[in-house]
Amino acid sequence: MLGRTANGLFWMYRYLERAENTSRLVETGQRIALTRLGSTDDQWRPVLESAGVAAGYDVAHETLSKDSAIDWMLRASDNTSSVMSSIGAARHNARQVRTALTEDVWEAINGAYMETRGMLARKVVERDLPKVLGTIRQRAALVRGATHGTMLRNDIYDFARIGTFLERADNTARILDVKYYVLLPSVLSVGTSLDNVQWETILQSVSARGGFQMEYGNSAGPRDIARFLILDRRMPRSLAFCVGKIVSNLGYLVTDYGERSAAADKADALAGAFASKSIDDIFDQGLHEFLQEVLAQLAALGHQIEIDYRFYE
Amino acid sequence: MGTDDVFDEMWGRSGGLRSPYEVFSAWFDGEDPRRLRLKQREAEDLFRLMGITFNVYGRDEAEERLIPFDIVPRIISGREWRRLSRGIEQRVRAINQFLYDIYHRQEIIRAGRIPAEMISRNSAFLPQMCGVSPPGGVYTHIVGIDLVRTGEDQFYVLEDNARTPSGVSYMLENRETMLHMFPELFSGNRVQPVQNYPGDLRRSLAASLPPATSGSPRVAVLTPGLYNSAYFEHAFLADQMGVELVEGHDLQVVDGRVAMRTTRGYQPIDVLYRRVDDEFLDPLNFNPDSQLGVPGIMDVYRAGGITIANAPGTGIADDKAIYSYMPEIVEFYTGERPLLENVPTWRCSEPDSLAYVIDNLADLVVKEVHGSGGYGMLIGPTSTKQERASFTRKLRARPDNYIAQPTLSLSTVPIFTRSGLAPRHVDLRPFVLVSPEGVKITSGGLTRVALKKGSLVVNSSQGGGTKDTWVLED
């Protein structure tokens, strides 16, 4: 496979994952705004931060408002991580690697792009927001499903998966890091409704509320949330799960190509850290410090993959 | 429906249904126009979803447009097709022999059949190709011969596309779309398949392997990239053949071979189906500013390290001034009379011809020698006085840049409109593959249709559409 093709696949799936994550964050923000009395526009700041788009927002806007935050995350063309920009970039990469994709996958991503572009041609009115967000998620799921159901399990698939899980791990780590302070033990805020809103935000941002309740019930505390999202290998958006998938797919490439890669070593080291640590170890080390380290390691891993598999000249 | 001076391929000149259209006509009469209108829209949605689009030059990068598709097939009988095929094969063989000769001993010039300056002063002539012998003597692996029809038995070659003919993806996708929408039509007609084209193309390219190949030949398609107007076709063909689609920056010369950068290091390519023009192919040998090519590929080529399809320098065979010599060229190399006719052509470089052309501008079509896509031409009968005046100035300034032809009364085929079937002018581009193993012509081709009533311009860049083209089994 061409190095450029591996690069295109990797980014196509990263951007697809990003579009889905961003739309989920918008949904979370909107839900909190609607279900919490006394919520204000300020509550959109952590949402923007979780999506990693707050700095760009501040450059483009003087004040923070719900409408402009939603618009920034969904439609803004000068926000490279907006849903529209991400789906556009995913499709651009898909065109670039068209020969590596099955017809089903190409049509799914092209269809996602065409429908999203139609829905997001104008500002989304509040009444339409649930439907728009639902459609984006369904469209992304369709691409994933077509990928899962029609693509050969070869190096093409491996790069698609590696891109997906690197983006997802990055996303989960960032959401946790923006909110890490609400998960820390604190005499003042334990059990207050503020905490609960914050916890709920975290869980909803990664579609984990239902799963978490099933596992931990209603009485669980913040440390359980952290454990669930960092170490639980059953949870498909936890850091341990995502890193485990990256290790597997890099491992398939190693077997396939008959050559050990530096990236595979880096991924193994990262996975080792999750296997050996308990949530108490992580809190002892410092949650924020731990997450910062993970984010840096994920970035380094992405860079190593680019080098090992000759993405660029 | 046909009028006296225009030959309609469904209704002839007199309005009597021609036999290849019998089954179609009976089917059409039994259809509800509203259902057909829905089908027409369905076809467009299908094309958009499949991404069968082209980019328009000089417009917003993001703009991808559909070529309009008409649901009425263009139908050719097996007998008509066999006759055309013989003529096409003869012409394509002659073109390859001509190219070999031009880049070697130039016997045709020595024999006085073509003036030497037609070659030496022609910008499509590549001195870098002199003395180079491509595998099997094949220069044009992929050729598109544009044909027009003016009557029951009158076909003319309008032009030869010997550089990088495009449109074959539309031939294939138009058929897929028709099969998808109107399966019953194919049950009632015995239509020869076109789907073997990608397989034939791959075999044909692989058969043109260079001396340096070891093992089974590795084929790749070279595209200028995503923003090229035919990018969809490049990706489509690579995909259908199951070969890599590469760009210039994926390639470099490694150990005397042209190699592509893969996830596992550099791997040599044996046959490169390039969709990049000569000029951009090699910045070391041609245009030094080119970002699209591969530095040094010409040196590898000359040393037998790679096959470039089509060979560099083939443009000398399809330039419109050379076109006017095609009857002589066919006779010179095959010793036979040409089976396909040329459109009578005035070479404006000749003073008598230039005078005639300027005097009769209102009745002629004037084309640039190197033009394509319907740009830079004058269609006399529909031109304004000002346009003719401005063209007269251009002709006097650079006479050797132009040729002129009579306006032919192109045949029509019906298209489906709001008010039913309506005749529109068409042309036909059959696709021909040439390899050391022989010549292969796909039974069908791309029919382009001028959607505007009365218009003779079928180019997609100028409002033309396409049709599925059927060749029937007799």
Side-chain angles (χ1 to χ4, degrees), chain A residues 1-10 77 84-85 88-89 91-115 117-118 139 142 152 154-156 158-159 162 250 252-254 256-259 261 263 305-313, chain B residues 44-55 60-64 66 169 173 176 180 198 218-228 231-252 254 259-267 269 291 294-295:
Chain A
M1 188 202 315
L2 294 178
R4 180 171 56 81
T5 305
N7 185 21
L9 285 161
F10 176 85
S77 57
M84 194 63 248
S85 302
R91 189 223 183 217
H92 178 86
N93 279 285
R95 280 190 81 203
Q96 195 74 255
V97 302
R98 176 68 186 82
T99 54
L101 304 174
T102 59
E103 211 167 288
D104 292 40
V105 172
W106 162 253
E107 286 183 10
I109 184 70
N110 194 33
Y113 169 76
M114 291 191 310
E115 182 160 15
R117 201 176 50 163
R139 284 296 191 166
L142 198 59
L152 286 183
N154 56 12
D155 47 355
I156 294 175
D158 292 329
F159 285 109
I162 291 166
L250 282 170
Y252 300 145
L253 285 176
V254 168
D256 201 5
Y257 292 175
E259 199 183 334
S261 67
I305 291 168
E306 281 174 11
I307 295 168
D308 289 354
Y309 297 106
R310 300 167 180 85
F311 281 12
Y312 303 99
E313 276 148 281
Chain B
E44 273 162 30
D45 291 345
L46 217 58
F47 276 95
R48 212 173 270 290
L49 184 62
M50 292 191 286
I52 307 175
T53 55
F54 72 105
N55 304 334
D60 179 2
E61 282 181 346
E63 191 179 7
E64 297 157 26
L66 289 184
S169 56
E173 290 293 5
E176 286 303 319
H180 181 84
R218 194 188 294 269
V219 177
V221 177
L222 175 66
T223 174
L226 212 53
Y227 297 116
N228 183 269
Y231 177 77
F232 161 74
E233 178 158 300
H234 308 158
F236 176 86
L237 287 173
D239 189 35
Q240 294 283 310
M241 288 195 285
V243 304
E244 289 292 355
L245 178 67
V246 299
E247 296 178 16
H249 56 93
D250 295 319
L251 305 178
Q252 82 182 40
V254 179
M260 56 184 171
R261 192 181 77 254
T262 76
T263 51
R264 313 171 67 173
Y266 278 92
Q267 290 177 351
I269 293 171
Q291 305 281 318
V294 189

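Heavy atoms only: backbone and side chains are in, while hydrogens, waters and symmetry mates are out. Lettering follows sequence order; numbering is per chain, from 1.
For chain A, the nearby parts of V246(B) are the backbone and the side chain; heavy atoms of each come within less than 4.5 Å. For M1(A), the parts sitting under 4.5 Å from any heavy atom of chain B are the backbone and the side chain alike. Both the backbone and the side chain of E247(B) have a heavy atom closer than 4.5 Å to some heavy atom of chain A.
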(request) Dump the intermediate steps for side-chain contact (heavy atoms from CB on, under 4.5 Å) on M260(B) and R4(A), then the final yes or no. (result) CA-CA 10 Å; M260(B) 56 184 171; R4(A) 180 171 56 81; over 6 Å; no
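In terms of heavy-atom pairs under 4.5 Å with chain B, the best-connected choice from R98(A), E259(A), H92(A), E103(A) is H92(A). Ranking H249(B), Q252(B), E244(B) against chain A, the residue ahead of the rest is H249(B), based on heavy-atom pairs under 4.5 Å. Among N110(A), L2(A), T99(A), V97(A), the residue making the largest number of heavy-atom pairs under 4.5 Å with chain B is L2(A).
Residues forming a side chain to side chain contact (heavy atoms under 4.5 Å, CB included) with S169(B) (at least two apart in sequence, or on another chain): F232(B), E233(B), F236(B). Shown here are the side chain to side chain contact (heavy atoms under 4.5 Å, CB included) partners of N7(A), two or more places apart in sequence or in another chain: W11(A), F311(A), Y312(A).
To the nearest 0.5 Å, atom CG of residue L49(B) and atom OH of residue Y113(A) are 13.5 Å apart. Once rounded to the nearest 0.5 Å, the distance linking OH of Y231(B) with CD of Q96(A) reads 5.0 Å.
Between R264(B) and D256(A), the closest heavy-atom pair is NH2-O, 3.9 Å. Counting all heavy atoms, side chain and backbone alike, A6(A) lies closest to T263(B) at CB-CG2, 3.5 Å. Residue T262(B) comes nearest to R310(A) through the heavy atom pair O-CD, 3.2 Å, listed as atom of the first residue, atom of the second, then distance.
Around the OH atom of Y252(A), the shell of radius 6.0 Å holds no more than 12 heavy atoms that belong to other residues, nucleotides or ligands.
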